[in-house]
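Structure, as structure tokens:
Chain letters run A, B, ... following the sequence lines, proteins first and then strands; every chain starts at 1.
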Amino acid sequence: MRIATWNVNSIRARIDRVTDWLARSDVDIVALQETKCRDDQFPTDRFRDLGYDVVHDGRSQWNGVALCSRVGFDDVTVGFAGQPSWGEPPEVEARAIGATCGGVRVWSLYVPNGRALDDPHYRYKLDWLDHLRTTTAGWLADEPDLPLALMGDWNIAPCDDDVWDMAAFDGDTHVSADERAAFRSVLDAGLTDVVRPHTPGPGVYTYWDYKQLSFPKRRGMRIDFILGSPSFAKRVTRASIDREERKGKSPSDHAPVIVDLG
DNA sequence: ATGGTGGTGGAACCA
């Protein structure tokens with residue numbers, strides 16, 4: 001079974017690229033982030049034409065997460081227990097959707113950006129990750145052998161090798177000690193980065209800013225991850241980052257991240 | 001080659 005995650009930065013702007021990629025990638029499940037549309041705007045038929053069912057949570061032009069599966073859906077869950085709210089009035093944003101597909105529990109997650117270290121959104125980001133950690137620990141306590149994958153755009157570069165130049169990020173979000181500690185806490189709930197062993201760095205990234213020729217200059221960040229429980233991780237036979245998808249006409253600023261299970 | 005921000009919505013915000 002092949003599973004992937006991809007921040008597409010608008011599914012409507014990217015639908016042809018996404019379906020072209022799906023048609024040649026032999027992926028069974030793909031988690032999408034930043035679909036940037038409401039449920040009624042999601043191009044579900046384009047996925048059905050390729051044999052994929054879709055579950056999506058989107059309520060505005062912001063955020064939006066989806067799972068596309070050709071191995072079925074069970075127990076679809078929108079949001080996780082304790083997921084913090086944002087905005088005025090406060091609401092739980094469309095940043096998490098989970099389902100069981102082909103016997104694997106998968107989540108498509110879009111972690112809040114944080115914006116700036118002194119921005120309330122930064123507190124929201126840390127709080128969001130703390131509640132995700134608590135909820136994940138509960139799932140694995142209830143079912144230690146659960147094959148679980150938390151996939152998505154984590155908006156954190158966990159190690160110095162995960163950015164092209166640490167000096168360029170001085171005082172910025174994504175690399176702060178608190179964000180890195182929050183990411184490690186999620187791992188400590190019982191998950192591992194199942195992609196890194198197959199895609200060693202340095203210089204291996206999943207995201208390149210649209211600005212300032214970041215991609216051709218290889219100035220990227222590794223912020224998209226597939227974190228697996230022990231029973232998931234032991235089935236992983238290979239993994240890759242499809243940086244070819246960052247090339248060409250009208251790409252997302254993120255590349256797909258892929259794992260194969262035996 | 002991989003190319004000098006892009007998406008949404010229709011101004012300003014988000015990333």
Quiz item: Are A:D209 and A:K217 ion-paired here, with the side-chain N under 4.0 Å from a carboxylate O?
Solution: no
Tabulate protein N/O versus nucleotide N/O from nucleotides 8-10 of chain B, keeping only pairs under 3.5 Å, one per line.
{"from": "B:dT8", "atom 1": "OP1", "to": "A:S10", "atom 2": "OG", "distance (Å)": "2.4"}

Exercise. Mind listing the residues from residues 210-219 of chain A sitting with a heavy atom below 4.0 Å of DNA chain B? Number order is fine.
Key: A:Y210, A:K211, A:Q212, A:L213, A:F215, A:P216
Exercise. Please work out which residues in residues 240-248 of chain A have a non-hydrogen atom less than 4.0 Å from an atom of DNA chain B and list them by number.
Key: A:K247, A:G248
For atom [atom1] of [X] and atom [atom2] of [N], their distance in whole Å:
X      : N      : atom1 : atom2 : value
A:Q33  : B:dA15 : CD    : C1'   : 14 Å
A:Y207 : B:dC14 : OH    : C1'   : 11 Å
A:H254 : B:dG6  : NE2   : P     : 15 Å
A:E34  : B:dG7  : CD    : P     : 12 Å
A:H174 : B:dC14 : NE2   : C1'   : 12 Å
A:D209 : B:dG7  : CG    : P     : 13 Å

Exercise. Could you tell me whether A:Y110 contacts a base, only the sugar-phosphate backbone, or nothing, with contacts defined as non-hydrogen atoms closer than 4.0 Å?
Key: sugar-phosphate
Practice problem: For A:Y122 and A:S176, work out which heavy atoms get closest and say how close. | Solution: OH-OG, 2.7 Å
Quiz item: What pair of heavy atoms forms the shortest contact from A:V106 to A:C101, and how long is it?
Solution: CG2-SG, 4.0 Å
For [X], enumerate each residue passing the salt bridge (Lys or Arg N to Asp or Glu O under 4.0 Å) test, keeping only those at least two apart in sequence or located in another chain.
X      : result
A:R218 : none
A:K211 : none
A:D161 : none

Quiz item: Is any side-chain nitrogen or oxygen of A:R14 closer than 4.0 Å to OP1 or OP2 of B:dG6?
Solution: no
Quiz item: Quick one: ring-ring contact (aromatic ring centres under 6.0 Å, His included) partners of A:H198, sequence neighbours excluded?
Solution: none
Self-check item: Under the side-chain contact (heavy atoms from CB on, under 4.5 Å) test, residues paired with A:R17 that sit two or more places apart
Solution: A:R14, A:E245, A:P251
Exercise. Under the ring pair (Phe, Tyr, Trp, His ring centres under 6.0 Å) rule, what do A:W86 and A:W128 come out as? Steps first, then yes or no, please.
Key: CA-CA 10 Å; A:W86 176 257; A:W128 203 94; over 10 Å; no
Exercise. Using the salt bridge (charged side-chain N to carboxylate O under 4.0 Å, His left out) rule, collect all pairs that involve residues 178-207 of chain A, keeping only residues at least two apart or in two chains.
Key: A:K125-A:E179, A:D160-A:R180, A:D162-A:R196, A:D193-A:R222
Exercise. Among residues two or more places apart or on two chains, list those pairs meeting salt bridge (charged side-chain N to carboxylate O under 4.0 Å, His left out) that have a residue in residues 253-262 of chain A.
Key: A:R2-A:D260, A:R238-A:D260
Quiz prompt | Candidates A:T100, A:V54, A:D53 - the one meeting side chain to side chain contact (heavy atoms under 4.5 Å, CB included) with A:F73 | solution = A:D53
Quiz prompt | Watson-Crick and G-U pairing of DNA chain B written in dot-bracket, each distance under 3.5 angstrom, with | for inter-strand partners | solution = ....((((...))))
Self-check item: Residues forming a side chain to side chain donor-acceptor pair (under 3.5 Å) with A:E244, sequence neighbours excluded
Solution: A:K247
